[in-house]
Amino acid sequence: MEKIKMTTPLVEMDGDEMTRILWQMIKEELLLPFVDLKTEYYDLGLKHRNETDDQVTYDSAEATKKYGVAVKCATITPNAARMPEYNLKEMWKSPNGTIRAILDGTVFRAPIIVKGIEPYVRTWKKPICIARHAYGDVYKNVEMKIPGPGKVELVYTGQDGQEMRETVHEYQGPGIAQGMHNLNRSIESFARSCFNYALDTKQDVWFATKDTISKKYDHTFKDIFQEIFDQEYKEKFEAAGITYFYTLIDDAVARVIKSEGGYIWACKNYDGDVMSDMVATAFGSLAMMTSVLVSPEGYYEYEAAHGTVQRHYYKHLKGEETSTNSVATIFAWTGALRKRGELDGNQPLSDFADKLEAATLKTIEDGKMTKDLAMMTSIPNPVVLNSQDFIRAVRATLEASLA
Ligand code: NAP
Ligand code: MG
């Protein structure tokens, strides 16, 4: 069979630990035999980030702006324990945080639905895609422990000396206080990312805040979304046959549980943090969640939602067998290849991405899977495969489907 040609390279961001091992296997078994793979390679493994003083992370984000589509392997975010382990010069920042700050993007997370892994919520038939606003609120707050009686005020001083002042509370005894902020610019780009991604994937958008209680803060989120929708997206949504729906956050939670899925749920930062873990768990497994960072300019970075699966890597280093689920990492590649195909008008490339996804799901539905899925599947007598054999089984299914 002739290999599928590519015109524009993908930005390839390699990573760490067990996912770095899977990365190599996926390329060798599932991509290189079928696609004349063109990538611009950036090694975001912690060793190389340390060697380049993290410059490689910045370069990979700039390359994503140049080419438009990236695929990223999970990476270590260093903590104290990693300092001696990798002999680090500095506790480098989270690569995802750095890339997100440069691309100014929103992260969309969606579960991969497969027969045999049933959601805990019986009504859910289609993926629920969570879009989490990634700036401000409680994640950039300032806090105080109030020692005793006294007054806490919120004061704004404009550059022209204009002053606004609100009393937060007159304390009679000890307590606590917190100040938070957000920026119109950030909320606007969040809204545009959500609406663009909805048009891209032909899904409705749901958005919810607590605007009845928070009449200025949350209400501003509601107003900005509505303004941008009315001015820039209303007609495009009508043409695409999709809708934008706003409600209160508690009403949204009730509706989500009763829904059959199949929409984008845009969440404020904290709601997204909490709800994405709820949705991921209820759909079955973190190893089956995909993640894509979409910038308001339309740059895409695809990855798995899970981390580097450190515990499995240490087993692998000891020469023990691992059964690590590669599905979300395979889907990061297929997401990126399909998008590259769309942007380049390269239909065979997009078709290949579809076929590789279908082969991955069919392999599981045929009862061949990694241990994490075998423990929760409704398929009787699943065959538990190790990391490498699962990828080889997907290859066999793919080859059969291409023949
Ligand atoms: P993790 O890699 O997501 O793994 C946590 C646990 O979840 C694993 O120990 C495993 O459970 C299970 N799991 C996750 N993915 C799996 C898969 N593909 N197949 C089978 N089981 C899977 O989180 P972590 O161990 O807390 O973090 C490890 C490193 O990843 C950290 O250095 C962190 O900074 C980094 N991280 C990176 C990203 C990213 O790059 N996007 C995201 C999160 C974390 P069992 O051990 O029970 O089998
Ligand atoms: Mg969280």
Side-chain angles (χ1 to χ4, degrees), residues 1-15 19 22-41 64 67-74 107-115 126-127 129 196-203 262 264 287-294 298-306 325-366 390-403:
M1 200 194 76
E2 210 184 311
K3 287 191 194 181
I4 295 158
K5 294 269 177 299
M6 288 179 68
T7 45
T8 318
L10 283 177
V11 178
E12 176 184 353
M13 305 172 177
D14 207 344
T19 41
L22 297 178
W23 195 257
Q24 203 51 44
M25 291 177 186
I26 290 168
K27 282 174 66 177
E28 275 166 21
E29 295 283 341
L30 302 177
L31 303 174
L32 294 170
F34 307 99
V35 180
D36 202 0
L37 195 66
K38 269 194 176 180
T39 72
E40 195 166 289
Y41 180 84
T64 306
Y67 294 112
V69 187
V71 56
K72 179 178 170 293
C73 180
V107 174
F108 296 84
R109 285 188 163 193
I112 298 158
I113 308 272
V114 57
K115 281 197 215 93
K126 297 181 218 160
C129 177
N196 286 340
Y197 193 64
L199 286 169
D200 217 30
T201 58
K202 299 272 179 301
Q203 299 183 86
I264 296 163
M288 298 289 280
M289 282 294 268
T290 61
S291 182
V292 54
L293 174 72
V294 182
Y299 310 129
Y300 293 78
E301 184 233 299
Y302 293 84
E303 64 172 332
H306 60 77
N325 189 335
S326 48
V327 173
T329 306
I330 295 172
F331 274 61
W333 275 101
T334 52
L337 289 170
R338 184 185 299 107
K339 176 56 71 181
R340 194 66 268 166
E342 270 171 44
L343 294 176
D344 294 350
N346 185 346
Q347 194 62 41
L349 190 62
S350 297
D351 290 347
F352 173 77
D354 291 345
K355 284 175 194 154
L356 177 50
E357 287 185 1
T360 307
L361 299 181
K362 184 169 189 304
T363 305
I364 297 169
E365 288 170 3
D366 287 347
F390 175 74
I391 291 170
R392 289 193 178 132
V394 172
R395 177 169 179 175
T397 316
L398 178 65
E399 279 173 342
S401 83
L402 294 174

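Excluded from the calculations below are hydrogen atoms, water molecules and symmetry mates; all remaining heavy atoms, backbone and side chain alike, are included.
- For P127 against Q203, the heavy-atom pair with the smallest separation is O-OE1, 4.5 Å.
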Verdict with supporting geometry, T8 and L343, side chain to side chain contact (heavy atoms under 4.5 Å, CB included): CA-CA 9 Å; T8 318; L343 294 176; over 6 Å; no
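- Taking both residues in full, the closest heavy atoms of G335 and Y302 are given as O-CZ, 3.4 Å, listed atom of the first, atom of the second, then distance.
- Considering only heavy atoms from C-beta on, M6 comes within 4.5 Å of L37 through its side chain.
- A distance-only check finds no donor-acceptor pair linking the side chain of K5 to the backbone of D36 [under 3.5 Å].
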Working for side chain to side chain contact (heavy atoms under 4.5 Å, CB included), residues T64 and K72: CA-CA 11 Å; T64 306; K72 179 178 170 293; over 6 Å; no
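- Summarising the geometry, atom CD1 belonging to I26 is positioned 8.5 Å from atom CH2 belonging to W333; distances are rounded to the nearest 0.5 Å.
- Screening T360, T363, I364 for a side-chain contact (heavy atoms from CB on, under 4.5 Å) with V114, the sole residue that qualifies is I364.
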Verdict with supporting geometry, L22 and F390, side chain to side chain contact (heavy atoms under 4.5 Å, CB included): CA-CA 11 Å; L22 297 178; F390 175 74; over 6 Å; no
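- A donor-acceptor pair is defined here as one N or O able to donate and one able to accept, closer than 3.5 Å; no such pair exists between the side chain of S291 and the backbone of R109.
- Distance check: I4 CD1 to K355 NZ gives 7.0 Å after rounding to the nearest 0.5 Å.
- Side-chain atoms of E399 and F34, non-hydrogen and from C-beta on, do get closer than 4.5 Å to each other.
- Counting only distance, with no hydrogens or angles, the side chain of E301 and the backbone of L293 share no donor-acceptor pair below 3.5 Å.
- M289 is not listed as a side-chain neighbour of H306, based on a closest heavy-atom distance of 4.5 Å or more.
- Ion pairing of E342 with R338 is absent here, as no side-chain N (NZ or NE/NH1/NH2) approaches a carboxylate O to less than 4.0 Å.
- Of the inter-residue distances, the one linking D200 atom CG with Y300 atom OH reads 3.5 Å to the nearest 0.5 angstrom.
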Intermediate values then yes/no, side chain to side chain contact (heavy atoms under 4.5 Å, CB included), I112 and L361: CA-CA 9 Å; I112 298 158; L361 299 181; 3.7 Å; yes
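- With a 4.5 Å cut-off on side-chain heavy atoms, L31 and F352 count as touching.
- A salt bridge links D366 with K362: at least one charged nitrogen is closer than 4.0 Å to a carboxylate oxygen.
- The line from CG of L398 to CD1 of I391 is 13.0 Å long, rounded to the nearest 0.5 Å.
- Within the model, atoms CG of L356 and OG1 of T334 stand 6.0 Å from one another, a figure rounded to the nearest 0.5 Å.
- Contact detail for A353 and L337: the closest heavy-atom pair is CB-CB, 4.4 Å.
- Using a 4.5 Å heavy-atom cutoff, the side chains of R340 and N346 are not in contact.
- A heavy-atom distance below 4.5 Å is found between the side chains of V394 and L30.
- Two residues are said to be in side-chain contact when any heavy atoms from C-beta on lie closer than 4.5 Å; T201 and F108 fail this criterion.
- The distance from the OG1 atom of T329 to the CE atom of M25 is 11.5 Å, given to the nearest 0.5 Å.
- Across all non-hydrogen atoms, the minimal contact from V327 to A287 is CB-O, 4.5 Å.
- Considering every non-hydrogen atom in both C73 and G15, the closest pair reads CB-N, 3.4 Å.
- Of all the heavy atoms in T397 and A359, the pair that sits closest is CG2-O, 3.7 Å.
- Within 6.0 Å of the NZ atom in K27, the count of heavy atoms belonging to other residues, nucleotides or ligands exceeds 12.
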